[in-house]
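Working notes, beginning with the structure itself.
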Amino acid sequence: MSAPIAAGDLVVVIDSKDRRYLVQMAEGGEFHTHAGITLHDAMIGLPEGSTVHSNTGARYTILRPTLAEFVLSMPRGAQVIYPKDLGPILVQADIFPGARVLEAGVGSGALSMTLLRAGAVVTGYEVRADFTKVARRNVERFLGPDQPYAVHEHDVYEGIDEVDLDRIVLDLPEPWRVLKHAEQALHRGGVLCSYLPTIGQVMALHEGLERSAFGHGHTIEVLERSWHVRGQSVRPDHRMVAHTGFLTTARLLSPGEEPNP
Ligand code: SAH
């Protein structure tokens with residue numbers, strides 16, 4: 001059974017329209033919306049899944065946030081990868097507990113916390129100092145301190161210091177500039193996974209892969225369609241996110257080997 005909500009806990013407060021607010025509980029704290037004020041003290045001590053009311057009678061459900069809820073409501077420096085793609089990245093990049101993963105760029109840390117949650121040991125490269133701080137703070141807020149997570153202010157196009165990595169996961173505009181370094185940093189058979197928003201970038205990456213020691217380049221996109229389910233009214237929702245990015249993976253082969261096919 002989960003412990004009751006305590007001061008310091010992160011809570012997602014869900015209103016009657018399914019809007020979600022991320023709130024850190026503090027003794028004497030207040031949660032404000034246009035629908036009035038709810039005291040943190042009224043939430044502290046309750047089990048997850050409880051209902052609380054604002055001073056104007058608005059109803060809220062309180063729960064600890066899932067990873068997806070946290071990612072969508074956490075402070076962001078850079079654009080985050082959405083939950084729709086975070087899950088598939090774990091499988092496409094074949095992330096496993098203890099995997100030594102290099103991630104670049106780190107941005108707001110949404111992908112970092114997903115990799116850490118899956119048990120990976122993550123080294124992050126990020127060119128912007130301000131984003132390294134945002135990412136570290138977000139990871140610590142959601143997963144707590146003492147994570148196997150080191151973020152360096154470093155341009156991955158300049159090189160990779162780590163060796164014998166299991167996986168490299170990239171979310172930056174020109175991943176083909178990383179391939180030469182990735183060939184040195186990954187062990188053979190290691191997986192490179194790159195998230196890219198446009199197909200021109202995907203084409204350039206495949207051209208780079210063809211000239212590299214990587215083989216078996218493969219690109220997918222993930223379409224997620226949520227459904228409206230209310231009594232007899234059961235149908236897809238009217239709107240969906242039509243596009244986020246493409247996921248491309250490749251395997252590092254032995255030097256000089258031709259990929260097959
Ligand atoms: N995947 C992240 C978002 C990354 S946004 C998340 O889920 O939160 C892309 C990031 O790549 C930006 O923060 C940008 O500063 C960084 N970046 C761009 N080029 C880079 C490079 N050459 N080396 C390291 N980081 C880079």
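Each ligand, and each atom within it, is numbered from 1 in the order the structure gives. Nothing here was measured: the structure is a model prediction, and the numbers come from that model. The chain is numbered in sequence order, starting from 1.
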Considering only N or O atoms, set out every pair between ligand 1 and the protein closer than 3.5 Å, with distances to one decimal place.
| from | atom 1 | to | atom 2 | distance (Å) |
| --- | --- | --- | --- | --- |
| ligand 1 | 1 (N) | Asp171 | OD2 | 2.8 |
| ligand 1 | 7 (O) | Ile81 | N | 3.2 |
| ligand 1 | 7 (O) | Leu111 | N | 3.2 |
| ligand 1 | 8 (O) | Ser108 | N | 3.3 |
| ligand 1 | 8 (O) | Gly109 | N | 3.2 |
| ligand 1 | 8 (O) | Ala110 | N | 3.1 |
| ligand 1 | 13 (O) | Glu126 | OE1 | 2.8 |
| ligand 1 | 13 (O) | Glu126 | OE2 | 3.2 |
| ligand 1 | 15 (O) | Glu126 | OE2 | 2.6 |
| ligand 1 | 22 (N) | Asp155 | OD1 | 2.7 |
| ligand 1 | 23 (N) | Val156 | N | 3.0 |
| ligand 1 | 25 (N) | Val127 | N | 3.4 |

What pairs of residues pass the side chain to side chain donor-acceptor pair (under 3.5 Å) test when at least one of them lies in residues 85-98, not counting sequence neighbours?
Asp85-Thr244, Asp94-Arg167

Checking side-chain polar atoms at under 3.5 Å, does Ser2 have a donor or acceptor matched by the opposite partner on Glu48?
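The answer is yes; a qualifying pair exists.
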
Could you tell me whether Phe246 and His243 have their ring centroids closer than 6.0 angstrom?
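Yes, the ring of Phe246 comes within the 6.0 Å limit of the ring of His243, centre to centre.
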
Among residues two or more places apart or on two chains, list those pairs meeting ring pair (Phe, Tyr, Trp, His ring centres under 6.0 Å) that have a residue in residues 48-97.
Phe31-Tyr60, Phe70-Phe142

List the atom pairs, with distances to 0.1 Å, where a side-chain N or O of residues 106-113 and a protein N or O form a donor-acceptor pair under 3.5 Å, not counting sequence neighbours.
| from | atom 1 | to | atom 2 | distance (Å) |
| --- | --- | --- | --- | --- |
| Ser108 | OG | Gly77 | N | 3.1 |
| Ser108 | OG | Ala78 | N | 3.1 |
| Ser108 | OG | Ala78 | O | 2.7 |
| Ser112 | OG | Glu103 | OE1 | 2.6 |
| Ser112 | OG | Tyr149 | OH | 2.8 |

Salt bridge check: are Arg128 and Asp130 linked by an N-O gap of less than 4.0 Å?
yes

